[in-house]
Asker: 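Right, I'll just put the structure down here and ask away after.
Numbers here simply count residues along the sequence, with the first being 1. Atom set for the values below is all heavy atoms of this structure, side chains included, hydrogens, waters and symmetry mates excluded.
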Amino acid sequence: MVKRLLVLLLCSVFTLSRAQTVIHSPEQAIPYGISNINVMGYASTGLLVREWGKNTEFIECFKDDLSTRWKKELIITDRNSRIEDVVLHNDTIIAFYSHYSKGHRILRMNVYNASLNLLTHAHTIDTINSGYSYDEFDVFTTASFQRDYVNTYFTKSDFERTPVLYQHAVSNSAKTQAKSSAVVSNLQQPDLIDVIALGYNHNAYVLGEYETKNFQNDFIYPALAVLINNNGVSTQKLIRSPDVLFGEPIIKRDIIRNKLILCGMYSDNPGVKATGTYYINLLTQDTMPYQIQFLPFTEAFVTHLIGNQQLKKNDGVTNFKPTDLLVKKDGGIIMLTESQWRSTEYIGAPGMGAFGVNNSMLITYFHYNDILVFAFDSIGSAQWYQVLRKRQSSDNDNGFYLGFSLFTGPDNMYLFYNDRVLSQQTLSAYIIDTNGNNRREEIFDNNKKNTAPIPKMSKQISLQEFVIPSFRRGYFQLIKIVF
């Protein structure tokens, strides 16, 4: 009987660890200057991937087995132009770019078919700024829920002086279907955080009052604001609480209940140490009532996170940033946060003489450590939390290979990340169900597969497929995990 149970256990473990199929594309040399990858998704021609750097841009099409079908350079013929975003929409590729001409910076778009053949050239959306100004501006693009148009949101370069938000809805035939603008009020220094499409010419802008500015501060907003613009009619709700500084929220739309959900961490003082989590539940109608919950961290929670029975003065929840937010069918949510911070060090010999020569070198270390998972019910009350342990660090690379990426399945979510086990570099995953039960699983050995996955550039492309790019020693590769 014992032997039979042992055999059944071994078989179940073997089946679980082989529950996914891993496909690797052939290696290809990385063109000079290419440093970013965006897995765009499936089109009629295959899986489209955007590969770009400062001055070069390619679109590559992959077959189901990840062999290359075609690879073409994306060229904007207008001189003095900069690509702002490239989106895949209804089997067409739309490139949004800003073009500088005769003292004006103009936002334009090109439309291509799924084989990157040009369909519409240089459709003008709006003028971003006038005069010889190089002030920054924000451009957001999102497809509508029905995917019959693309919303383009942008601010102009004088946004701090004249806080106006602009929106254009454009079709994949480069026709402007609707446009509107909204004026931000009651914020002295507004900072546009995110934009959510609610419907046709109906949008929600999330902003923060960017007053608290100092070095190494994660809690910069004494107030948040949600501005709803419905066919040109604007309603704004200011969210403020005494003695509370908000960290940057992560925002999702609950389509079933017609709500916006904002979640993040808050603090009593500027810095990197959080006091607790906040949950804001906001109806999207014009009346816009909202609910807010502040959940302070308990001593038991901090003790579990830190691992010390006797907490020191500076112990706490520090450097955690919200990364993902999941809305469940019952209206509850799951928020994922990750510890992200950096440190610097000078290495080298001091200079000699009265002035000397500085022979030291500045090294910046990037640290991506534990993941905190919080679950809330539909009114923001805490249900459970989990601490997922990991340690990742690198230097002078902006944490290129660090962090994790999320795949959501019917019953579990998978958090993929690069891990080191003894001297072995692995792609590993935490697998978590909706009740917080979790386990860690090693997917494959990076050294044996000759890969260096980049979790931050990964994307879920279907209910069963997840794609992770890999850059290793001058070569690029795609990794597809099929569940």
Asker: Just by distance, with hydrogens left out, do Asn117 and Tyr112 show a side-chain donor and acceptor under 3.5 Å apart?
Answerer: no

Asker: Can you spot which of Leu74, Ile75, Ile34 makes a side chain to side chain contact (heavy atoms under 4.5 Å, CB included) with Thr56?
Answerer: Ile34

Asker: So do Val467 and Leu47 actually touch side chain to side chain, heavy atoms under 4.5 Å?
Answerer: yes

Asker: Can you say whether the rings of Phe376 and Phe374 are parallel (under 30°), tilted (30 to 60°) or perpendicular (over 60°)?
Answerer: parallel

Asker: Between the side chains of Ser428 and Glu441, does any donor sit under 3.5 Å from an acceptor?
Answerer: no

Asker: Once side chain to side chain contact (heavy atoms under 4.5 Å, CB included) is applied, do any residues pair with Ser98, and if so which ones, sequence neighbours excluded?
Answerer: Arg82, Glu84, Arg105, Phe137

Asker: If you define the side chain from C-beta out and look only at heavy atoms, does anything of Phe58 sit under 4.5 Å from Val49?
Answerer: no

Asker: Taking side chain as C-beta onward, heavy atoms only, is Asn418 less than 4.5 Å from Phe416?
Answerer: no

Asker: Do His99 and Ser81 meet the criterion of a side-chain donor-acceptor pair at a distance under 3.5 Å?
Answerer: yes

Asker: Under a 4.0 Å N-O cut-off, is there an ion pair linking Lys321 with Glu248?
Answerer: no

Asker: Please identify which of these residues, Gln392, Arg440, Lys390, meets the side chain to side chain donor-acceptor pair (under 3.5 Å) condition with Asp419.
Answerer: Arg440

Asker: Please tell me whether Tyr430 and Arg389 have a donor and an acceptor in their side chains that are separated by less than 3.5 angstrom.
Answerer: no

Asker: Would Arg391 and Asp370 satisfy salt bridge (Lys or Arg N to Asp or Glu O under 4.0 Å), going step by step from the backbone distance to the final call?
Answerer: CA-CA 7 Å; Arg391 288 289 183 271; Asp370 296 338; 2.8 Å; yes

Asker: Between Thr451 and Asn446, does any side-chain donor sit less than 3.5 Å from a side-chain acceptor?
Answerer: yes

Asker: Tell me yes or no: between the side chains of Tyr475 and Gln28, is some donor less than 3.5 Å from an acceptor?
Answerer: no

Asker: Given the rule in the salt bridge (Lys or Arg N to Asp or Glu O under 4.0 Å) test, do Lys312 and Asp315 qualify, once you have shown the distances and angles that lead to the verdict?
Answerer: CA-CA 5 Å; Lys312 300 177 182 178; Asp315 286 342; over 6 Å; no

Asker: With no hydrogens and no angle check, just 3.5 Å: does a side-chain donor-acceptor pair link Tyr365 and Asn396?
Answerer: no

Asker: Side chains of Ile193 and Tyr221, heavy atoms from C-beta outward: is any pair under 4.5 Å?
Answerer: yes

Asker: In the structure I gave you, are the side-chain heavy atoms of Met413 and Val373 within less than 4.5 Å of one another anywhere?
Answerer: yes

Asker: Do Ser339 and Asn319 have a side chain donor and acceptor closer than 3.5 Å?
Answerer: no

Asker: Just by distance, no angles: are the side chains of Asn437 and Gln386 close enough, under 3.5 Å, to form a donor-acceptor pair?
Answerer: no

Asker: Side chains of Asp65 and Ser67: is there a donor and an acceptor less than 3.5 Å apart?
Answerer: yes

Asker: Not counting sequence neighbours, list each pair that qualifies as a ring pair (Phe, Tyr, Trp, His ring centres under 6.0 Å) and has a residue in residues 377-397.
Answerer: Phe301-Tyr385, His304-Tyr385

Asker: Going by atom types only, do Gln425 and Asn447 share a side-chain donor-acceptor pair under 3.5 Å?
Answerer: no

Asker: Measure the CG-CD1 distance between Leu325 and Ile334 for me, rounded to the nearest 0.5 Å.
Answerer: 9.5 Å

Asker: When you look at Glu27 and Asn450, which way does the side chain to side chain donor-acceptor pair (under 3.5 Å) test go after all the steps?
Answerer: CA-CA 10 Å; Glu27 288 186 333; Asn450 198 33; 3.0 Å; yes

Asker: Let me check something: any side-chain donor-acceptor pairs from residues 403-411 under 3.5 Å, sequence neighbours excluded? List them with distances.
Answerer:
unit_1	atom_1	unit_2	atom_2	d
Thr408	OG1	Gln460	OE1	3.4

Asker: Could you point out which residue of Phe219, Phe246, Tyr266 forms a ring pair (Phe, Tyr, Trp, His ring centres under 6.0 Å) with Tyr278?
Answerer: Phe246

